[in-house]
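To keep things clear, I will list the structure first and then write my remarks on it.
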Amino acid sequence: SGDAAAVVAAVEAVAERIQAERSHLTDLDSAIGDADHGGNMARGWAEAADAVADLEDPDAQTVVKTAGKTVLSEVGGASGPLYGGSLVFASQELEDGVTPETAVAFAETYLEKVQDRGDASVGDQTMVDALTPAVHTFKKSIETDDLPPLEALAKAVAAAEAGVQFTVPIRASKGRASYLGWRSVGHQDPGATSTLYIMEELLETAA
Ligand code: ADP
Ligand code: MG
Ligand code: MG
């Protein structure tokens, strides 16, 4: 169906963007982690793009589930289960396709799963710092402000961008960066950054 093709295009755009940002993500992770976030994400999303391209006449839910399963199986470390497992879990919200309502449900379920799995809150210097304001902004823009989906997504991207900047002056309390203690202060979180890139590509392909 039409929205499945759009989701396939989004997965391909994410794979390309992550590949283009691979060394930047690696640099960010080398400062406060183990320098594998760029490689992890590039491998996982390249495989995910291949896997969804091979699906025959899929629906949107199947595309997202397949991408998530692939990321989950290809990517080790913290980010594989957080991205992949949460995508698989949240894909159930797209059973009836992609609408503003199902997109909000998907975003909320994805965030809940990331928080469940990783046990991180806002302020722990993780992907949750970009994701949380983005999801809340998206939901409010759709449900309360009644904005068109594209405007809502653009506002969510802006919120994610602010969330990425918010990770810089704070101290990591979850993940590898937390081993550094106060030395993590002053560094931009790699997973928050890749979350922003993914959201930017969702906006690009939706526009
Ligand atoms: P690893 O740290 O295992 O090498 P990656 O480098 O691929 O995995 O991913 C690191 C990113 O994962 C961090 O920048 C952070 O955003 C995210 N992360 C790590 N631990 C958690 C957690 N408990 N909750 C949410 N996000 C986390
Ligand atoms: Mg790492
Ligand atoms: Mg690692």
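All values derive from a computational prediction rather than experimental measurement. Just follow the structure's listing: the first ligand is 1, and inside any ligand the first atom is 1. What's counted below: heavy atoms across the whole structure, side chains too, no hydrogens, waters or symmetry copies.
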For this session: Give a yes/no on ligand 1: does Asp29 have at least one heavy atom closer than 4.0 angstrom to it?
Result: yes
Is [X] close to ligand 1, meaning an N/O of one under 3.5 Å from an N/O of the other?
X	result
Val114	no
Asp119	no
Gly118	yes
Gln125	no

With heavy atoms of [X] as the reference, note each atom of ligand 1 found under 4.0 Å away.
X	result
Gly191	13 (C), 14 (O), 16 (O)
Asn40	5 (P), 7 (O)
Ala120	24 (N), 25 (C)
Asp36	4 (O), 5 (P), 6 (O)
Gly77	3 (O)

Residue and atom name of the nearest protein heavy atom (relative to [atom]), distance in Å to one decimal:
atom	answer
atom 7 (O) of ligand 1	Ser79 OG, 2.6 Å
atom 19 (C) of ligand 1	Ala78 CB, 3.6 Å
atom 14 (O) of ligand 1	Asp189 OD1, 2.6 Å
atom 2 (O) of ligand 1	Arg176 CD, 3.5 Å
atom 20 (N) of ligand 1	Gly175 CA, 3.4 Å

Between [Y] and [X], is there a side-chain donor-acceptor contact under 3.5 Å, judged purely by atom types and distance?
X	Y	answer
His37	Ser194	yes
Thr193	Gln188	yes
Ser91	Gln61	no
Ser184	Tyr179	no

For this session: Evaluate the ring planes of His24 and Tyr197, with Trp represented by its six-membered ring, and classify them as parallel (under 30°), tilted (30 to 60°) or perpendicular (over 60°).
Result: tilted
Exercise. Would you call Glu21-Arg17 a salt bridge at under 4.0 Å N-O?
Worked result: yes
For this session: Give the C-alpha distance, both sets of side-chain angles, the deciding distance and a yes or no for side chain to side chain contact (heavy atoms under 4.5 Å, CB included) between Asp129 and Val164.
Result: CA-CA 7 Å; Asp129 293 328; Val164 168; over 6 Å; no
Exercise. Heavy atom under 4.0 Å from ligand 1: found in Leu82's side chain, backbone, both, or neither?
Worked result: side chain
For this session: Would you tell me which option among His187, His37, Met127 has the nearest heavy-atom contact to atom 17 (C) of ligand 1?
Result: Met127
For this session: Would you please test Phe138 and Glu108 for side chain to side chain contact (heavy atoms under 4.5 Å, CB included) and show each step?
Result: CA-CA 9 Å; Phe138 186 60; Glu108 284 193 290; over 6 Å; no
Seminar exercise, completed: The N/O/S atom of Asp34 lying closest to the Mg ion (ligand 2) is OD1
Exercise. What N/O/S atom of Asp36 is the closest to the Mg ion (ligand 2)?
Worked result: OD1
Quick check: closest heavy atoms across [X] and [Y], and the distance to 0.1 Å?
X	Y	answer
Val71	Ala48	CG2-CB, 4.2 Å
Ala10	Thr205	CB-OG1, 3.6 Å
Thr167	Thr126	CG2-O, 4.2 Å

For this session: Nearest 0.5 Å please: distance from the CG atom of Asp27 over to the CZ atom of Arg22.
Result: 12.0 Å
Exercise. Any N/O/S atom, backbone or side chain, of Asp29 lying under 2.8 Å from the Mg ion (ligand 3)?
Worked result: no
